[in-house]
Visitor: 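Structure in structure tokens, see below.
Letters A, B, ... mirror the listed sequences (proteins, then strands); counts begin at 1. What you see below is based on every heavy atom in this structure, not just the backbone, and it leaves out hydrogens, waters and symmetry mates.
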Amino acid sequence: MDYDFVAIEKKWQRKWAEEKTFKAVEDPSKPKFYVLDMFPYPSGAGLHVGHPLGYIASDIFARYKRLCGFNVLHPMGYDAFGLPAEQYAIQTGQHPEKTTSVNVARYRSQLDRIGFSFDWDREVRTCDPAYFKWTQWAFLKMFGSWYDKALDKARPIEELEEAFAKGGSAAVDAACNDAPSFTASEWLSFSEKEKSDILMHYRIAYQGESTVNWCPALGTVLANDEVKDGYSERGGHPVFQKKMTQWQLRVSAYAGRLLDSLDAIDWSDSLKEMQRNWIGRSEGAEMVFKVECDGAQYDMTIFTTRADTVFGVTFMVLAPESEWVEKLTAASEKDAVAAYLESVKKKTERERIAGKAVTGVFTGSYATNPLTGKKVPVWVSEYVLSGYGTGAIMAVPAHDSRDYAFARKFNLPIIPLIEGADVSESSFDAKEGTMVNSGFLDGLSVKEAIPAAIDYIEAHGIGRRKVNYRIRDAIFSRQRYWGEPFPIYYKDGIPTPVPFDKLPVTLPEIDKYAPTESGEPPLARAKDWTFDGWPLETSTMPGFAGSSAYYLRYMDPHNDETLVSPEADKYWRSVDLYVGGTEHATGHLIYSRFWDKFLFDLGYVVEDEPFRKLVNQGMIQGRSSFVYRIVGTNKFVSVGLKDSYETTEIHVDISLVRNDRLDLDGFRAWRPEFADAEFILEDGEYVCGYAVEKMSKSMYNVVNPDDVCETYGADTLRLYEMFLGPVEQSKPWDTKGIDGVHRFLRKFWRLFWDRENFLVNDEEPTKAELKALHVLIGKVRTDIEAFSFNTAVSAFMIALGELQGCSKRAVLEPLVILLSPFAPHIAEELWHQLGHETSVTYAPFPEYVQAYTVEDSVTYPVSFNGKTRFTVDLPKSLSREDVEASVRALPDTAKWVGAGSIVKVIVVPGRIVNIVVKQ
RNA sequence: GCCCUGAUGGCGGAAUUGGUAGACGCGCUGGACUCAAAAUCCAGUGGCCUUUAAAGCCGUGCGGGUUCGAUUCCCGCUUGGGGCACCA
């Protein structure tokens, strides 16, 4: 019987679905294991072979864990809200829900074909009201909470109100954005509206004005991680900085915890580093400068990490968006400052970054250096950011390159503070050297001077130690249709939560999906977009809202009472293995951690980190093929000969190319303009050139997994994607090697079947066969645990070579179990042919037994300095004299052996190379 | 500019903790089977020198170092990929 992968795969995929083989049920008697993939956005293009890479790896791991006796939760769903469906809707008028469900169906059929062991009963879709009810619920919980810095956790807002009523604003140490201070009695006298406005400064989910990334082309604001190099990540449209009132999440309150608990999770160093940079902790000091403008006096606070350089401050700089600009602009400079602010406003984010031109304007006011008493001018410049620190800086041109450039441009003085620093050409930014010109700091090294300066500042009441974080609060509103509506309505202008029992707030039907003519979000088009007669919020939530807690929902997806029941949460706890791309490093993976910590604070979940271990799979790139048309003709020249002609490189569809050889007739039929193409061949064939590029339709290099399943089968696809190289590594898809993997499966099949006979017998395996089997068992286990699937596949191939013609049940049964995570269909089929009734999925992983000894070896005692130190196993061909002579000839350092050491003797036939001592 | 990563045959990639570099697969070459082809099987396959073989020499991006021994550890570069970037 032949290996009929088409029939086998169809048969078992149907059985698995019918029998719900992979259904996960909470079972306290078994240890749990939660394996999760980042759920996909169901795009219209469908899956290409790059997408399943991570899914295959996690599926192997999930199946392996089941074999090891774990109760495995391995769910899948769809991140179904998003821009592409909405833009398609704007163009065609088709409801995004329709597009989305069509795409979801396509994804599902593609996924099913690869034979994943998902528990589809737990599927979630972020756009499903029964799901986003809990996204809205979490938002309301954040709206109803504040962050207590003293306890370092979120608490219900009612407790804040109580504290205000007792002790006013001074009674709490809360994370907030510039809220006014007030007494207890003032609080009690405030109106509802006033109280609401004040609380808004404290809520974890709050409405606040801030400088946001505004993208006019998309008609919406974007979060920082959705902007790349000043362009929108989706669509690549220019982005402007704009002050707007938006819903925001107080992620910044969690900065310290997000940073610290990175140490406790098993993620790659590079990813942790990315998050550390994004969070951006820096230690320094806040310092107060007295400022004077047209006779008025102010105290202005700045942040610096170089308190040691205060003696070199020669000017101050404000961010253009800073509130200080208005206060500190002298009457005489009003016009100049206004003109400058206007010019800054017009620039796109891109221009601000790219144009490194030094610009700025003098405000006409002066600040007093708190240490020297000297007066220095206050300037405004776009190189200072409003969102970081206090939006104002002290400038030390001698030791900061940006301040230096500014000082040079506007002819401001430069005072060097470090001995021997030459600041005639550029600033000296390094934190090393000995202080000079710095009063009481003179003679100290920079490393000593920084804390000494801060101590002094604190002692004299000029400022205090301060840790600053770069991470900003997440902008949470989007002016779009296809997202979760906010469960917020405006009662007398006061943002009011929709009661929990009225959730979810579902999307209204509207006639057009574009923003309104007056620039309002699409939801403003809805006829009756109200709650209880009051207007509802018209913006929707961003993409990361629905993906932030989906891993929790999988634990208890049908629960209508809570996001996740305490029982389910306590059982599944958190994700043990999370597999996905690194592109979410500063988006989803930050927000999810924040979201989880928030729910943890409120006692809804038991773990304060969502993803214990994270593996980032690499991208699979496309391998594009090219033909070379001789300029001005319809003649194509093979790649090896193209240098003798002037040619144009043309992408050719890779389905017309096999092993870089072009299918000439197929090419002529491909497009009308090539119908009468002529070819200049080499060795009778047309050889194409190639390049590794992103897999995309326009480069004709997309490989659909369905096609691979058609020709080779899902098992081959799975095995091949793993065999391609380490999961974490990016690599091009290259069909060349796929035959080798397919051949392996056919050979494997042939251990069981020849043309018509089932070969399996009950003979006793030989020692050599047992050795091959058990080496494989050990290797497969360690490789899977180490996520090294490519070497595991190699191990199978080696074992198969050694087990040729071995059709013994005692060998084949464990072999089938071992193979089942990788190639589940063929394994399931053969498992049943071996007479088993139940799925191989729950068979026990074979035990590794050291069932062999080194053949042809003999044990020698080895002695140094007349004492026997240890014994070694060596090939018989080596005489005892040889061994001892070799050991004696070794240098002393190699001969030392400590008590209790394990010794390995490295033997090249005929001589001892070395002795390795292991502890 | 800063941070993280990687660099090994014609190709994808192996190498447990510093111990015979190139496993496994692809490709290529030769052979078997076949009227022939496909499929399958067997053998060879880093480079140089050599008629061949044996033996030898050189070889893990480059230059140094530590070590009996370095793809592996240290220092300094070159270069591919990714991230951050006026963050004071």
Side-chain angles (χ1 to χ4, degrees), chain A residues 224 228-229 268-278 280-282 284 302-307 309 316-317 319 352-353 355-356 358 381-396 399-403 405-406 429 468-472 582-583 585-586 616 618-619 621 623 659-660 690 719-720 723-726 728-744 746-747 750 778-779 782-783 786 788 790-801 804 889-895 904-909 911-916 918-919:
Chain A
N224 281 344
K228 292 269 180 285
D229 297 327
S268 72
D269 288 338
S270 65
L271 204 99
K272 284 185 182 182
E273 205 53 35
M274 267 189 239
Q275 291 214 338
R276 284 194 190 103
N277 291 339
W278 190 259
R281 180 190 150 97
S282 61
I302 56 97
F303 175 75
T304 181
T305 55
R306 292 294 302 272
T309 61
M316 310 287 285
V317 189
R352 249 179 105 154
I353 296 167
K356 288 264 179 192
V358 179
S381 173
E382 59 183 330
Y383 86 83
V384 175
L385 304 175
S386 65
Y388 184 75
T390 62
I393 61 151
M394 64 177 210
V396 185
H399 302 291
D400 182 290
S401 51
R402 298 152 301 177
D403 297 345
F406 196 81
D429 291 12
N468 245 329
Y469 294 97
R470 194 177 306 180
I471 193 168
R472 321 269 175 90
T582 178
E583 67 272 18
T586 52
N616 294 116
M619 297 238 287
Q621 294 129 310
R623 191 176 185 280
N659 283 343
D660 288 339
Y690 73 91
L719 227 40
Y720 184 58
F723 189 62
L724 223 40
E728 297 89 341
Q729 198 173 299
S730 287
K731 55 235 158 184
W733 178 264
D734 185 348
T735 326
K736 268 184 188 166
I738 201 166
D739 290 311
V741 170
H742 189 63
R743 209 168 286 152
F744 161 76
R746 287 217 302 267
K747 281 188 209 168
R750 253 180 273 130
K779 181 85 177 136
T782 50
D783 280 353
S788 177
N790 54 332
T791 51
V793 176
S794 295
F796 276 109
M797 292 175 171
I798 295 167
L800 191 63
Q804 262 183 41
L890 289 169
D892 284 345
T893 45
K895 281 196 262 181
K904 184 178 167 194
V905 177
I906 310 301
V907 181
V908 183
R911 79 195 165 94
I912 291 181
V913 173
N914 208 346
I915 298 170
V916 180
K918 297 193 211 177
Q919 293 305 318

Visitor: Specify the glycosidic conformation (syn or anti) of B/G9, with syn defined as within 90° of 0.
Guide: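 Syn conformation for B/G9.
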
Visitor: Distance check, rounded to the nearest 0.5 Å: A/Ile302 atom CD1 versus A/Thr390 atom OG1?
Guide: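 Reported to 0.5 Å precision, the distance equals 6.5 Å.
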
Visitor: NA contact type, A/Ser794, heavy-atom cut-off 4.0 Å: base, sugar-phosphate, or nothing?
Guide: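 Result for A/Ser794 = base.
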
Visitor: Does A/Ala795 have any side chain to side chain contact (heavy atoms under 4.5 Å, CB included) partners at least two apart in sequence or in another chain, and if so, which?
Guide: A/Leu776, A/Lys779

Visitor: What residues, two or more places apart in sequence or in another chain, satisfy salt bridge (Lys or Arg N to Asp or Glu O under 4.0 Å) together with A/Arg306?
Guide: A/Asp308

Visitor: Going by salt bridge (Lys or Arg N to Asp or Glu O under 4.0 Å), name the residues that satisfy it together with A/Glu728, two or more places apart in sequence or in a different chain.
Guide: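 Salt bridge (Lys or Arg N to Asp or Glu O under 4.0 Å) check on A/Glu728 returns nothing, list empty.
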
Visitor: Wobble G-U and Watson-Crick pairs count when both distances are under 3.5 Å; given that, what is the 5' to 3' dot-bracket string of RNA chain B, with | for pairing to other strands?
Guide: (((((((..(((......[....)))((((((.......))))))(((.......)))..(((((..]....))))))))))))....

Visitor: Select one nucleotide: of B/C84, B/G25, B/A14, the one nearest the side-chain heavy atoms of A/Trp278.
Guide: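 Looking only at side-chain atoms, A/Trp278 lies closest to B/C84.
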
Visitor: Are any protein N/O atoms closer than 3.5 Å to N/O atoms in nucleotides 38-40 of chain B? If there are, list each pair with its distance.
Guide:
unit_1: B/U40; atom_1: OP1; unit_2: A/Arg743; atom_2: NE; d: 3.4
unit_1: B/U40; atom_1: OP1; unit_2: A/Arg746; atom_2: NH2; d: 2.9

Visitor: If the condition is side chain to side chain contact (heavy atoms under 4.5 Å, CB included), which residues does A/Met797 pass it with, not counting sequence neighbours?
Guide: A/Phe723, A/Val741, A/Phe744, A/Val793

Visitor: Could you work out which one of B/G13, B/G25, B/A88 sits closest to the side chain of A/Val384?
Guide: B/A88

Visitor: Using whole Å, what does the distance between atom P of nucleotide B/G83 and atom CD1 of A/Ile471 come to?
Guide: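 Distance, rounded to whole Å: 18 Å.
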
